[in-house]
Amino acid sequence: MTPLQAAVEQTFSATGALAQADVHYVQREVQLQMARAVAQAIDGPHALVVEAGTGVGKTFAYLVPALLCGRRALVSTATKSLQDQLFLRDLPRLRDALRLPVSLALLKGRASYLCLHRLAQARHTIESHDRWALRTLVKVEQWAPRTHNGDLAEIDGLDERSSVVPLVTSTRENCLGTDCPDYRACHVMKARRDAMAADLVVVNHHLFFADMALRDSGVAELLPSVEVAVFDEAHQLVEAGVQFLGTTLGSGQLIDLARDVLAVGLQQARGLAPWPALAGACEHAARTLRLAAAAGPLREPRSAIKLRWEERAAGADFVEALAACASACEAAEEALNQMSELGPDFARLTERAAHLGRLATVFGAPAAAGCVRWIDLTPHQCRLVESPLDIRDALREQMAASPKAWVFTSATLGDDERLSWFTEAAGLEDATTLRVGSPFDYPAHARLYVPAVFPKPNEPAHSVAVAQLAARCARALGGRTFVLTTTLRALQAISEPLRVEFEAAGDAIQVLVQGQLPKRQLMALFLAQPRSVLVGSQSFWEGIDVPGDALQCVVIDKLPFPPPNDPLVEARVKRLEMQGRNAFTDYFVAEAAVALQQGAGRLIRSESDHGLLVVCDPRLRSQGYGRRLRGALPPMAVLDSEAAAIDWLSALAALR
């Protein structure tokens, strides 16, 4: 046993540092099993992939070895909120318990930090009649002199989707770098300096891959200097990588360019070029591109959708729109370039215009080999995307260039011992794998009910039947129910009849629906008013932690197969078929198994939790692949009738 492995054993023992720091500490063999494997990977060093079920305590299982090893470490998480949880809560708590003089740093993307230079310009950009934006800007201006790190998350009530955020933060394209008059006080540069000096740095997956693609976040300098790299919530790693390793041209980028050309031109070079006309051409080209993307048999979307590239790219309107984008950017580039000596803002704007013009030309030509193209369309914008199908090559290249311990972990990484769902897409077939089951007593505490007779998911009556069954379950519990839908369309199709059902019966149970309020506020309402049913789609399938009896029933509308008409899905299916593999078994069922695990994982969050999982899809009982999908779920006792399910819920309600 190595010194690190011995130290890990001692830390997790009944008399170790964790037990001494917390009177409620409970030894878990599964947690120690994972910690041992992480320590071995660090000692190797080698790559390790760990699936750790709910309740294992995987965060401490990888943080303890990472802190005790005495080597520089990087931890990447899925979201900025998880970053904050690690940096502000888990790591300080562990550092104190272990009594280690370890320095910590938090590194986020540019969009998280205030840019002092752009803040000074923001008032010239916001239109005077936009009172909400002006009010938000005042809040930022009042906070700016007080902040030490410039992280916008410090501002209470600031919505990260606010139109003000892009005005007071920088991007790779508009950052002036060392030419900026505020460079010495730059919050982004300070965060990067702190990260380079720290023993352990917390980043997120988006930042990691954005840096691989653009070398712009500071991770490129940081990664070679660390000896341990840990990726938590690794099930999101592939999609994060695909998103950032691709090439995108968005109408929003063109509109941002137009806004900045107008603001800087009028502020610093008024009368020297036709700034309103140049900006107007860029904005008009962006809106024309958006209209061309939405043309054809498609109605205007109410939410984000993906379109096949072939559906639009061959159309004359689309080709002309791309050409207009290139032309508008070229005209802006020429005018801006003539002003480059007036200040660094013009040099940066010249580069941005040139870059967007090149992208318009790129998307006018055929896609690169091994990549797939599509169009992301929202009610207000469009994004042209060219992307690799997975992260295999990119991650392998990164790992080969920087040998170290690489640890990837999540509660859901596959439904076989080799965790093939994740390791194949990430190019980690040679990594050591470990599956550590949940310590929770699922057979005693949880039940699974799948109706034998129920409308099929593709039948019109299905959504109403889901709403009615969810209403009966919630009525037995007095609320305390999640309804998880596989699509945004089902969100409305289920929530409205559910509300009608409760009103008709005179039930005082409120229905909360994703989109009504920000996610955090919806969860606060759900917890404050237990007589509630929350209906949510994709963003509620994971990352939601409701321990105790506040949530005791999770209803899933249907098996979460990937949408077959999604361009990325189609491309992956085609590749599997060319390899002679069964795309349904190797892709669709594998994806559904992992997503089902994630949704079911919302139910039992602590040793004392009890609950019922309802899957309103008879295929889970009747089809051959249903056995595999049931095997991916925790070992819950199965109920054969709705009466038994309602009795179970009534019994749980009686215990409160």
Side-chain angles (χ1 to χ4, degrees), residues 26 28-38 41 48-64 75-79 81-83 85-86 90 204-205 230-240 406-426 428 431-443 445-446 448 482 484 536 538-547 551 554 556 560 590-607 609 611 613 615 628-636:
V26 177
R28 296 191 183 107
E29 177 56 34
V30 286
Q31 185 179 43
L32 179 56
Q33 187 181 352
M34 176 177 170
R36 285 186 189 122
V38 174
L48 170 70
V49 180
V50 186
E51 181 181 88
T54 307
V56 167
K58 63 181 171 66
T59 304
F60 277 26
Y62 67 72
L63 284 181
V64 167
V75 177
S76 180
T77 67
T79 63
S81 60
L82 287 172
Q83 270 187 280
Q85 178 181 310
L86 269 176
D90 297 334
N204 62 61
H205 302 342
V230 181
F231 295 84
D232 197 353
E233 300 297 316
H235 67 281
Q236 294 192 26
L237 198 63
V238 173
E239 294 309 315
W406 296 81
V407 178
F408 305 86
T409 185
S410 172
T412 51
L413 290 174
D415 64 335
D416 63 346
E417 290 303 315
R418 289 297 305 159
L419 302 172
S420 304
W421 175 84
F422 174 73
T423 54
E424 283 191 12
L428 292 166
T432 301
T433 57
L434 174 68
R435 299 185 80 188
V436 183
S438 171
F440 298 159
D441 189 355
Y442 279 96
H445 289 189
L448 168 66
F482 269 11
L484 301 179
Q538 187 174 6
S539 62
F540 283 87
W541 281 67
E542 57 182 280
I544 301 292
D545 190 16
V546 188
L551 174 62
V554 171
I556 293 176
E591 290 280 334
V594 170
L596 199 58
Q597 282 178 292
Q598 284 288 340
R602 300 315 98 214
L603 185 63
I604 304 296
R605 306 299 300 176
S606 73
E607 289 89 344
D609 283 8
L613 173 66
V615 182
R628 177 178 169 187
L629 293 177
R630 291 196 303 275
L633 292 171
M636 307 176 183

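It should be emphasised that the depicted structure is a prediction, and the values quoted were computed from it without experimental measurement.
The side-chain heavy atoms of Phe440 and Asp609, taken from C-beta on, include no pair separated by under 4.5 Å. In this structure, Leu82 and Asp232 have side chains that are not in contact, with every pair of non-hydrogen atoms separated by 4.5 Å or more. Within the 4.5 Å cutoff, no side-chain heavy atoms of Val49 are placed close to those of Thr432. In this structure, the side chains of Val56 and Arg28 stay at 4.5 Å or more apart for every pair of heavy atoms. Between His235 and Trp421, the closest side-chain pair of non-hydrogen atoms falls below 4.5 Å. Using a 4.5 Å cut-off on side-chain heavy atoms (C-beta onward), Glu542 and Gln236 make contact. With a 4.5 Å cut-off on side-chain heavy atoms, Ile556 and Trp541 count as touching. Contact annotation: the side chain of Thr409 never approaches that of Glu51 to less than 4.5 Å [non-hydrogen atoms, C-beta and beyond].
We find the CG-CZ distance between Leu551 and Arg605 to be 10.0 Å, quoted to the nearest 0.5 Å. Taking CZ of Arg630 as the start and CG of Leu596 as the end, the distance is 11.0 Å to the nearest 0.5 Å. For the atom pair OG (Ser420) and CG (Leu413), the distance works out to 11.0 Å, reported to the nearest 0.5 Å. Between the NZ atom of Lys58 and the CG atom of Leu63 there is a distance of 10.0 Å, given to the nearest 0.5 Å. For the atom pair Tyr62 OH and Met34 CE, the distance stands at 7.5 Å (nearest 0.5 Å). Atoms OG and CD1, from Ser438 and Ile604 in turn, are 9.0 Å apart once rounded to the nearest 0.5 Å.
Ring geometry for Phe231 against Phe408 counts as parallel: the plane angle stays under 30°, on a 0 to 90° scale with 60° as the upper cut.
Residues meeting the side-chain hydrogen bond (donor to acceptor under 3.5 Å, both in side chains) test with Thr79, sequence neighbours left out: Ser81. For Tyr442, there are no ring-ring contact (aromatic ring centres under 6.0 Å, His included) partners, not counting sequence neighbours.
For the pair Arg418 (side chain) and Gly414 (backbone), a donor-acceptor distance under 3.5 Å is absent. Remark: the backbone N or O of Glu607 is paired with a side-chain donor or acceptor of His445 at under 3.5 angstrom. Here the side chain of Thr433 pairs no donor or acceptor atom with the backbone of Leu419 at under 3.5 angstrom.
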Review point. Can you list the steps and then say if Trp406 with Leu48 is a side-chain contact (heavy atoms from CB on, under 4.5 Å)?
Key: CA-CA 6 Å; Trp406 296 81; Leu48 170 70; over 6 Å; no
Exercise for review: List the steps and the verdict of side-chain contact (heavy atoms from CB on, under 4.5 Å) for Phe422 and Thr412.
Suggested key: CA-CA 9 Å; Phe422 174 73; Thr412 51; over 6 Å; no
Practice item. Determine, step by step, whether Leu434 and Gln33 satisfy the side-chain contact (heavy atoms from CB on, under 4.5 Å) criterion, reporting the C-alpha distance in whole Å, the side-chain angles of both residues, the deciding distance to 0.1 Å, and the verdict. Key: CA-CA 9 Å; Leu434 174 68; Gln33 187 181 352; 3.7 Å; yes
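Contact record, Ala234 with Ser410: N-CB, 3.7 Å, taken as the closest heavy-atom pair. Between His205 and Ser76, the closest heavy-atom pair is ND1-OG, 2.8 Å. Nearest heavy-atom pair, Ala61 versus Gln31, reported as atom, atom and distance to 0.1 Å: CB-O, 3.7 Å. Across all their heavy atoms, Asn204 and Gln83 have their closest contact at ND2-OE1, 2.6 Å. Minimum interatomic distance between Pro439 and Thr54 (heavy atoms only, all atoms of both residues): CD-O, 3.5 Å.
Inspection of the Thr77 and Glu233 side chains reveals no N or O donor paired with an N or O acceptor under 3.5 Å.
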